Structure formats: C-alpha cells, structure tokens
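Below is one structure; the comments refer to it alone.
Note that this is a predicted model, so its numbers are computed, not measured. In what follows, chains carry the letters A, B, and so on, assigned in the order in which the sequence lines appear, proteins first and then strands, with residues in each chain numbered from 1.
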2 protein chains.
Amino acid sequence: MEISIDTSNELPMFAQLIAQIKQAVITGELTAGLALPPIRQLASDLGINQNTVAKAYKVLERDKVIVAKGYKGTFVHDDAKANSVIDWGEKALSIMDSTVLKLRDAGLTDSEIRLAFTAIMKKNH
Amino acid sequence: MEISIDTSNELPMFAQLIAQIKQAVITGELTAGLALPPIRQLASDLGINQNTVAKAYKVLERDKVIVAKGYKGTFVHDDAKANSVIDWGEKALSIMDSTVLKLRDAGLTDSEIRLAFTAIMKKNH
DNA sequence: TTGGTTGTACTGCTTGATCTAATAATACAT
DNA sequence: ATGTATTATTAGATCAAGCAGTACAACCAA
C-alpha cells in the first residue's frame, strides 16, 4: 500500500489520505480484513503529525471503510468496497443546495442566509 | 422618531437600524406615508457612514416596510405594519435548522457541513 | 511485573483564508 | 438634494488545517 502526500496539492493532507485509501479499496489493492499501518507509524513514514492521520482514520471509520480494533490495530471493513463509493459530500451538497435555493427564492440575501447558517451551527454548539 | 446606535451591542449597526425602524412601525410611532430622514442626514446625525444607513434602508424596502421614491425621499410603506411582523430571519432559521439536523443525523461533522455550505454559496457566485 | 504498542481523546497553538461590517470616495439620474 | 450604485479598503471575527504535547485504557511480549 503506497501512500504519498503532496503538500503542494490543493487538497488537505487528511483528505489526500482518505482519497488514496478509498481508491486502494476500490481498485482492490486493499481487501476486507487487511491490516492498515498504525496511526503513529504511517504518520512517521509520511513525516506528518499523528493527529492528521488519526483524523483521516476517524472519517474512514465513520464511513465504514475501515474498522479500528483498539490495541489490535485497524483493518479494512468487510463492506469497504461498497462504502468507498458513497460520497457523503455529494449528498450534503445536494441537500444544502436545495435549502439555499429555497431561501434565495424567499428573497433573502446571501448575507442573511449566512447569518442564519452560522446561528444554527452555534446553537447546539 | 428616535434612533440610537450602540456600538457595544452585539448586533451590527445596520441591523439595529432595521430593528428600531420596524419597532417604531409596530408601535405606531411610524405610520404609513410618513417621511423618513434622508440617508445622508440620518447617517450624519448618528455619526456613521451613509452606506450603513443605505444598507438598512435597502433591506427595509425589500421587506416592504418603507418605499424609496428617489429624489422625493423615503416613506413608510402602506402595508408597513403588516410587513414589519414578518420575520424573515425566523423562517430562514427554521429551514436551515432542519437541514443541518438532517446532515448531522447522516453522520456528517460540523466541519463538513460548513464545507458544503460555503461550496454552495460560492457556486452561483 | 515491566515496558512498549494500539486507538482514542483532549488542550493549546500557529498559519492562512474568508467573510462581515463599516468606512471612504465617487458617480449618476432625477 | 434625493436614492442608488460602484469600487476599494480596513479591522475584526471565524474557521480549517496542521502541529505539539499529553494522557488514558487495553493489551501483549519480555
């Protein structure tokens, strides 16, 4: 499993990690049950911070691409291949898009829409 | 018509203007057809910029609380009282709230929700 | 028992980007 | 003189991204 980080890339490091691991799952390079490198080791190999790798792992586990088993290590999820295709970002975009359109049609300015959004995001901190 | 600006207030100046004028309409201090002070004069009296007052007037006209008649001046709208009760902010908040809840329930982090939002707001510039 | 490894969690910090609010200075037609 | 519009700029807040350090429970091998 070859992972490389391009600091000049527009994409943040943790996003590059997520993309590459998902890609490896899709291509079949990573199959269900395989062990992934420990957070600290991968961070060390790439010369980046452990938190950055942990952040990527956390998202990947939320998306059920990997499974963390504590001291035992982290492994590729049984349904990794199917779950690697699901793009939460796309789903979020479409939902958010319809909402913004609705508010704009109501005559609200972008400034007011932003105010409403930030207010909601703060509410349940 | 007494208007005062509190710079220490959390609310932006233009929002304070909007709130106070709407309030004056609701209480009956401002009735349909009454003339409002010119933008430049009100700005001068309050010691703030003309653009700030113009911004408030623009929103008030959009909400049909006031009517701008060019060189003739600006006046209280015929339906000002009814339109001052409508709270666009409340409507926007409830719509935005359900959307954010939906996305959070889908497992998205606040960070990702923010990314989706800013992406949409940029899309149709 | 001792020491090391695992994922996880937390706080604090720096950097850069972005947006808002407000100001400033014009300009225009009526 | 009126509302309207434009462009540019400043200051402040907010957030993402990443780094740094620390800590913990669970476990394993020596």
Exercise. Calculate the interatomic distance between Arg114(A) atom CZ and dT14(D) atom C1'; express it in whole Å.
Key: 13 Å
Quiz item: Expressed in angstrom and rounded to an integer, what is the separation of Lys69(B) atom NZ from dT4(D) atom P?
Solution: 13 Å
Exercise. Calculate, to the nearest 0.5 Å, the distance between atoms NZ and NZ belonging to Lys91(B) and Lys102(A) respectively.
Key: 11.0 Å
Quiz item: Between Thr7(A) and Met13(A), is any pair of side-chain heavy atoms under 4.5 Å apart?
Solution: yes
Exercise. Specify the closest pair of heavy atoms between Gln20(B) and Ile3(B), including all atoms of both residues, with the distance to one decimal.
Key: OE1-CA, 3.4 Å
Quiz item: Touch check for Gln16(B), heavy atoms < 4.0 angstrom, all strands: base, sugar-phosphate only, or nothing?
Solution: nothing
Quiz item: Side-chain contact, heavy-atom cut-off 4.5 Å: Leu17(B) with Leu46(B)?
Solution: yes
Practice problem: Encode nucleotides 18-28 of chain D as B, S and - characters from 5' to 3', where the letter depends on protein heavy atoms closer than 4.0 Å: B to the base, S only to sugar-phosphate, - to neither. | Solution: SBBB-B--BS-
Exercise. Specify the separation, in whole Å, of atom CG of Leu17(A) and atom C1' of dA17(D).
Key: 13 Å
Practice problem: Please list all pairs passing the salt bridge (charged side-chain N to carboxylate O under 4.0 Å, His left out) test where one or both residues lie in residues 49-63 of chain A, with sequence neighbours left out. | Solution: Lys22(A)-Asp63(A), Arg62(A)-Glu112(B)
Exercise. Heavy atoms of chain A, cut-off under 4.0 Å: which first and last nucleotide of DNA chain C, 5' to 3', fall inside that, if you could look?
Key: dT6(C) to dA21(C)
Self-check item: Note: Asp78(A)-Lys64(A) ion pair, threshold 4.0 Å (strictly below)
Solution: no
Quiz item: What is the distance from CD of Gln41(B) to C1' of dA1(D), rounded to the nearest Å?
Solution: 11 Å
Quiz item: With sugar-phosphate meaning primed atoms plus P, OP1 and OP2, does Thr118(A) contact a base, only sugar-phosphate, or nothing at under 4.0 Å between heavy atoms?
Solution: nothing
Quiz item: Between Leu60(B) (CG) and dG3(D) (C1'), how many Å, whole number?
Solution: 14 Å
Quiz prompt | Single-linkage hydrophobic cluster Val100(B)~Leu103(A), side-chain heavy atoms < 4.5 angstrom | solution = yes
Quiz item: Is Glu61(B) touching bases, backbone alone, or none of the nucleic acid, heavy atoms closer than 4.0 Å?
Solution: sugar-phosphate
Quiz prompt | Donor-acceptor contact present, side-chain Gln50(B) to main-chain Ile39(B), <3.5 Å | solution = no
Exercise. Specify the residue among Ser111(B) and Gly70(B) whose closest nucleotide of DNA chain D lies further upstream toward the 5′ end.
Key: Gly70(B)
Quiz item: When you match Leu115(B) and Leu36(B) each to their closest nucleotide on DNA chain D, which lands nearer the 5' end?
Solution: Leu36(B)
